[in-house]
Amino acid sequence: VVERICCPLGMDSTRVTLPPEQKIRFATGHAMPGHRVRSYTGPSKYPAAGSLRSTANDLLKFVAAFAGIHPSPLSAVMDEARKPHASATGENRRLAWFESGDVFEHGGLTDGFQTEMAFDTKNRRAVVVLSNCRGFSTLVPTIWKPLLYGARPKPTNMVVVDSTMLNECVGFYQFNKPSGGLAVRRDGGRLLAQWVSPSVQFSPYEIFPISPTTFQNNFWGVQVEFQPAAHLLTQITLTSIGPFSGFRDPLKLTRISATPPPVPMPVHLDRDAYENKVGQYRKTILFGLIGIGPTLNISHRTDETGDHLIATVRGYGTEEVFPVTTNSFVLAPDTAGNLALHFVENSNRRTKSVLVNWNGKKIHATHISSLPVGK
């Protein structure tokens with residue numbers, strides 16, 4: 001790879017094994033805001049998909065060559081890779097690239113990281129998006145298209161709105177409880193919108209006034225129309241929830257509170273708080289005399305990125321869980337499945353049980369051993 005691709009294209013920061021001067025520049029991956037992913041070592045663990053590490057500058061050189069924006073010694077090979085090729089099923093597919101027509105795209109993710117790169121051969125534009133937060137990075141898969149097409153968030157017909165009007169827009173607007181709602185906050189002279197769902201909070205974005213009651217963000221194709229009722233702003237019409245597809249019909253939401261929900265802050269615990277959860281847990285009957293069902297194994301691991309709580313159930317797999325309070329832990333937002341653990345302490349502040357909410361099932365498991373499996 002270095003000899004045939006990186007060197008001809010001048011990609012000096014793309015390597016499998018990073019030299020010391022590049023290793024100190026390597027970003028730390030995060031599973032969710034404030035929580036870094038574990039270090040993965042050993043022959044069976046890849047630091048990235050295909051084990052390559054790179055930079056935005058290097059990948060821009062790569063897609064610029066692929067798009068024909070810059071001349072390249074690899075042009076003939078890249079031309080071949082752009083063409084559709086017949087697969088074993090008879091389907092014509094490009095080599096590695098997705099999308100269709102003049103647009104080529106490929107993205108990927110691994111623990112703590114998410115990436116996209118794309119180019120348009122007709123308009124001669126290319127974009128690279130790199131993120132070192134996979135679990136909360138809901139923007140990455142959708143941000144590349146607006147960037148590739150040169151979208152800008154600010155409308156050209158902006159107007160000035162006084163602070164009184166901005167204050168009246170602030171609040172929490174809801175369509176129905178299960179589907180979440182829109183939080184509208186002030187940040188100085190800016191108005192920020194953020195879709196909040198029961199499972200995840202999406203990234204906030206600024207909305208810009210084109211009239212005293214209508215705000216837009218053209219990057220996401222969002223228009224929010226605040227509708228006065230009895231001289232109070234109680235409803236909005238929303239064309240999109242933000243960095244996601246728009247609605248077929250505008251969505252009408254009602255303000256249920258003049259105070260938006262607080263912005264969640266990452267919870268950081270000391271080492272003792274992690275150690276207090278370690279051990280084996282199992283559902284029991286007959287006053288705890290008989291255990292039934294699989295055993296939940298909780299272990300505590302530390303590395304250069306910090307403390308980690310690991311949940312394992314034999315036959316179901318192993319996942320890291322992250323604190324949202326001192327005693328409540330959840331999976332990273334985009335992890336397959338839905339798991340929440342709430343640890344219950346006794347009068348001596350030692351963990352005695354855990355309430356498990358797993359894909360809608362609620363299980364109360366007793367702490368049966370202070371040693372995790374394998375210790």
Side-chain angles (χ1 to χ4, degrees), residues 1-18 27 29 44-135 137-152 219-221 240 242-246 334-336:
V1 169
V2 171
E3 179 184 342
R4 298 185 182 185
I5 300 173
C6 297
C7 289
L9 296 180
M11 297 169 63
D12 300 326
S13 296
T14 301
R15 296 291 187 271
V16 172
T17 302
L18 300 180
S44 64
K45 299 295 185 181
Y46 290 107
S51 75
L52 284 166
R53 291 159 164 152
S54 190
T55 64
N57 283 336
D58 267 18
L59 292 178
L60 284 171
K61 295 176 185 177
F62 182 76
V63 293
F66 240 117
I69 297 172
H70 293 158
S72 162
L74 304 180
S75 296
V77 180
M78 290 178 166
D79 286 345
E80 194 67 18
R82 285 197 301 262
K83 295 176 183 177
H85 295 261
S87 65
T89 61
E91 179 186 11
N92 287 331
R93 299 188 63 179
R94 294 166 168 173
L95 299 183
W97 296 105
F98 300 99
E99 289 297 310
S100 60
D102 301 311
V103 177
F104 296 73
E105 176 271 338
H106 197 106
L109 53 84
T110 187
D111 291 326
F113 299 90
Q114 194 164 8
T115 64
E116 292 280 351
M117 60 181 174
F119 59 90
D120 183 334
T121 54
K122 180 179 179 180
N123 295 308
R124 295 171 59 81
R125 290 178 63 93
V127 63
V128 169
V129 183
L130 303 181
S131 168
N132 66 326
C133 188
R134 170 196 168 184
S137 192
T138 51
L139 293 178
V140 174
T142 50
I143 200 173
W144 67 267
K145 273 192 177 180
L147 289 172
L148 187 64
Y149 298 137
R152 299 291 184 268
F219 190 85
W220 299 122
S240 170
F244 300 92
S245 59
D334 70 342
T335 307

What distance do [X] atom [atom1] and [Y] atom [atom2] have between them, rounded to the nearest 0.5 Å?
X	Y	atom1	atom2	value
L95	K83	CG	NZ	10.5 Å
S54	K61	OG	NZ	9.5 Å
D120	E105	CG	CD	13.0 Å
C6	D12	SG	CG	8.5 Å
F66	H106	CZ	NE2	11.5 Å
T115	N132	OG1	CG	12.0 Å

Are [X] and [Y] close enough that some pair of their side-chain heavy atoms sits under 4.5 Å apart?
X	Y	result
L74	F62	no
L130	F113	no
W144	V103	yes
T121	R82	yes
L109	V140	no
N123	D102	no
I143	W220	yes

Derivation of the side-chain contact (heavy atoms from CB on, under 4.5 Å) call for V16 and V1: CA-CA 9 Å; V16 172; V1 169; over 6 Å; no
Is there a donor-acceptor pair under 3.5 Å between the side chain of [X] and the backbone N or O of [Y]?
X	Y	answer
H70	A64	no
D58	S13	yes
R125	L147	yes

Residues which pass salt bridge (Lys or Arg N to Asp or Glu O under 4.0 Å) with K122, listed by chain and number, not counting sequence neighbours: none
For [X] and [Y], work out which heavy atoms get closest and say how close.
X	Y	result
A81	W97	O-CD1, 4.1 Å
A65	L9	CB-CD2, 3.9 Å
A126	V63	CB-CG2, 3.5 Å

Residues E116 and K145 bridged, charged N to O under 4.0 Å: no
Ring geometry between F119 and F104 (parallel below 30°, tilted from 30 to 60°, perpendicular above 60°): parallel
